[in-house]
**Q** 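The structure is given below, and queries will be raised subsequently.
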There are 2 protein chains.
Amino acid sequence: MATIREVARYCDVSVATVSRVFNTPEIVSPETRQRIFDAAAEIGYLPNESARTLATKKSNMVGLIWDTDHRRPGWRHPFLQEILVTLKTALSAHGLHLLMLSHREPYLQAARRHNLDGVVIIDNGSQDPAVLALADAEIPCVALDLRRTGPTCTYVTSDNTGGATLAVQHLIDRGHRRIASITGPLQTAPAAERLTGFRAALAAAGLPIAADHMVESDFYLDGGHTAMLRLLASAPRPTAVFAAGDEMAIGAMRAARQAGLRIPDDIAIVGFDDIELAALVPPGLTTVAQDRAGFGTAAAEALVTMLQNAGQPPAPTVLPTTLIVRGST
Amino acid sequence: MATIREVARYCDVSVATVSRVFNTPEIVSPETRQRIFDAAAEIGYLPNESARTLATKKSNMVGLIWDTDHRRPGWRHPFLQEILVTLKTALSAHGLHLLMLSHREPYLQAARRHNLDGVVIIDNGSQDPAVLALADAEIPCVALDLRRTGPTCTYVTSDNTGGATLAVQHLIDRGHRRIASITGPLQTAPAAERLTGFRAALAAAGLPIAADHMVESDFYLDGGHTAMLRLLASAPRPTAVFAAGDEMAIGAMRAARQAGLRIPDDIAIVGFDDIELAALVPPGLTTVAQDRAGFGTAAAEALVTMLQNAGQPPAPTVLPTTLIVRGST
DNA sequence: GCGGCTGATGTAACCGGTTTCATGCCGTCC
DNA sequence: GGACGGCATGAAACCGGTTACATCAGCCGC
């Protein structure tokens, strides 16, 4: 690999000038600039990122944390792939790369060792202290689905409360009065917020909430199934169920069908997330869609803003949610 | 951030000794080692990775390339997430981090600039020249689902041919004689190999292949739907269909159902991949499962092998596939 | 008693960039 | 015609590590 000194020698200029050509080209004379530029292309010179990082203390890399909860190795984000793609695309437009951090080392430590410019956290509500330490440190970070702010920390999340309200309101509009809920793990922010929305909608309509019509589950298919069995055992039975995640909703649908109930006639079901499956499973799952692409782009924007003006972090982004009505209600 | 010189001064030793404590601890006397180690912990010293990389030319980072085809931004790998998780876990066990490369810059160039130790390629058959350049360069790389070898390049793939043979053999065993195929884009290796397996199974059974019973599609749901419509329009109609991907298979099932056909009585369908959906969509999709976790771990192992002994790259890994029989056949 | 070996540590060059500060040149203004 | 300002460039320190080589003490064998 050619070095900056070779280019300098080749062009009979100093290394400083070569460096300037690649960093502040406007301050070097057009002829010199062109000459150096051509020479660099000819001998295949590429600036060494490690050396640049060492000198500038900026690595142009941002850390990515997503599997923060080692207790649940199979944890799946409903649209992680979209987030990664959009995030990567948006960041690379600013010349930033994504470094996936492993939890074998404290995140903060890894971030410092690598001179990371910032960090993006995709949390699942595990309250991992290693993650929280990051949010409190000096390093710019933006959290997804984790409402955490700080002097260098902001977040992006969906309007979970509003979405849930929308869903439940829809059930009420359909004439339902006994509406149950299957929530996700309540220590996670999205689950808690969706429950809040559920409550708000019922309260606004003056409807009661039966204690045995609220069951906490785990966002997974089997969990939804089990939860539904419990709901079906209650008396009087709910006529509609709001499941705070589509996987759970689909599990619940199976349980209902196995119990001989027709959907939506005997029991209506609405989910949350609008996963691919929701449109495919008969009779189609009414659900609340999130702005999938919005997460990545908003996170990248927020991060870039923080990197440019080191002052206050930008305000949190709350992405809108929309109700998608299908056959299950 | 504390530097190595501060630790050295603090302990009244030379920086060389401190460096040795972190790299070759066995050659420094136990007392000194412990003293330095304690001091480092006390003043919060962390070795700067950029400086280490600069000096050693090893970055402990491996590049990850997956969206090689910019023409299909929404490209989805059926189990990208599993691959990422397992790959990351396996690599971090060796102290390696994963850097996601963007296609805004030639991959090879980015790899050199960052002193990447190696690269993992998740290809979708795009034949991207930037990817191929990587495989031909001096940098260790392992390709997934792309049969590419070289002096520093090996690959990991599923036994697509064998899996397809398994699937078609299964249809033949069920008594089918007119078996059609819906393939993926044939320029991708998995699609081509699955077609080979399809042909091999029919040939072994002495069955003919009708030209209008082989349609090329795109691995997506709608593509499978369209392909099935064409198959249903042929005469005589096939009694069974091998779709080279589950999404296509599910699209095909819908088309069949919409045409009033019963599955599996009127037409049998078998897919490939065993995506989550396969078990959920009634009556359950018979399919060929791949070793999802195997990709990541095998890739990591192959890469680490290449990093350790710089000689010949390890032989390619071909992961076994297994048939999973469900209601659709 | 001395040469030589071994093990622990220090010295200093080096990795490949960036950036401060100095220098020299030229045109301008009075 | 000389002071001055601005522009292009160069010299050299610096970023924070690694490592080849030198040094030195202590021990061994003869």
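Just the heavy atoms: all of them, side chains too, but no hydrogens, waters or symmetry mates, feed the values below. In what follows, chains carry the letters A, B, and so on, assigned in the order in which the sequence lines appear, proteins first and then strands, with residues in each chain numbered from 1.
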**Q** Whole Å only: how far is the OH atom of Tyr45(B) from the P atom of dT18(D)?
**A** 6 Å
**Q** Counting any heavy atom closer than 4.0 Å, what does Ile36(B) reach on the DNA or RNA strands: base, sugar-phosphate only, or nothing?
**A** nothing
**Q** How are the rings of His114(A) and His97(B) set relative to one another: parallel (under 30°), tilted (30 to 60°) or perpendicular (over 60°)?
**A** perpendicular
**Q** Can you tell me how far P of dT18(D) sits from CG of Asn60(B), to the nearest Å?
**A** 11 Å
**Q** At under 4.0 Å between heavy atoms, what does Phe22(A) touch on the DNA or RNA strands: base, sugar-phosphate, or nothing?
**A** nothing
**Q** Which nucleotide in the set dT18(C), dC15(C), dA11(D) lies at the smallest distance from any side-chain heavy atom of Ala55(B)?
**A** dC15(C)
**Q** Please determine, for the side chain of Thr56(A), which listed nucleotide (dT19(D), dT19(C), dG17(C)) has the closest atom?
**A** dT19(C)
**Q** From the set dG17(D), dA12(D), dC15(C), return the single nucleotide nearest to any side-chain atom of Lys57(B).
**A** dC15(C)
**Q** Considering only side-chain heavy atoms of Arg52(B), which listed nucleotide, dT18(D), dG16(C), dG16(D), is closest?
**A** dT18(D)
**Q** Would you kindly compare Arg20(A) and Pro30(B) by the position of their nearest DNA chain C nucleotide and give the one closer to the 5′ end?
**A** Pro30(B)
**Q** Roughly how many Å is it from CG in Asn23(A) to P in dT20(C), rounded to a whole number?
**A** 12 Å
**Q** Please classify the nucleic acid contact of Ser19(B) as base, sugar-phosphate, or nothing, using heavy-atom distances under 4.0 Å.
**A** base
**Q** Using side-chain heavy atoms (C-beta onward) and a distance below 4.5 Å, is Val156(B) in contact with Leu319(B)?
**A** yes
**Q** Tell me whether the centres of the aromatic rings in Phe22(B) and Tyr45(B) are closer together than 6.0 Å.
**A** yes
**Q** Touch check for Val13(B), heavy atoms < 4.0 angstrom, all strands: base, sugar-phosphate only, or nothing?
**A** sugar-phosphate
**Q** Let's see if you can work this out: which of dG17(C), dT9(D), dG16(D) has an atom nearest to the side-chain heavy atoms of Leu54(A)?
**A** dG16(D)
**Q** Counting side-chain heavy atoms from C-beta on, which of dT11(C), dC15(D), dT19(C) comes nearest to Ser14(B)?
**A** dT11(C)
**Q** Side chain of Ile4(A) only, please: which of dT18(C), dG10(C), dT18(D) is the nearest?
**A** dT18(C)
**Q** Please identify each residue that fulfils side chain to side chain contact (heavy atoms under 4.5 Å, CB included) with Ser29(A), with sequence neighbours left out.
**A** Glu31(A), Thr32(A)
**Q** What's the CG-P distance between Asn48(A) and dC14(C), to the nearest Å?
**A** 18 Å
**Q** Ignoring hydrogens and angles, tell me if any N or O in the side chain of Asp117(B) forms a donor-acceptor pair with the backbone of Asn60(B) under 3.5 Å.
**A** yes
**Q** Return the value, rounded to whole Å, for the distance between atom CZ of Arg9(B) and atom P of dT11(C).
**A** 14 Å
**Q** For the pair made of CG in Asn115(A) and C1' in dT18(C), what is the distance, rounded to whole Å?
**A** 14 Å
**Q** Would you mind telling me which residue lines up with the more 5' stretch of DNA chain C, Arg5(A) or Thr32(B), judged by nearest nucleotide?
**A** Thr32(B)
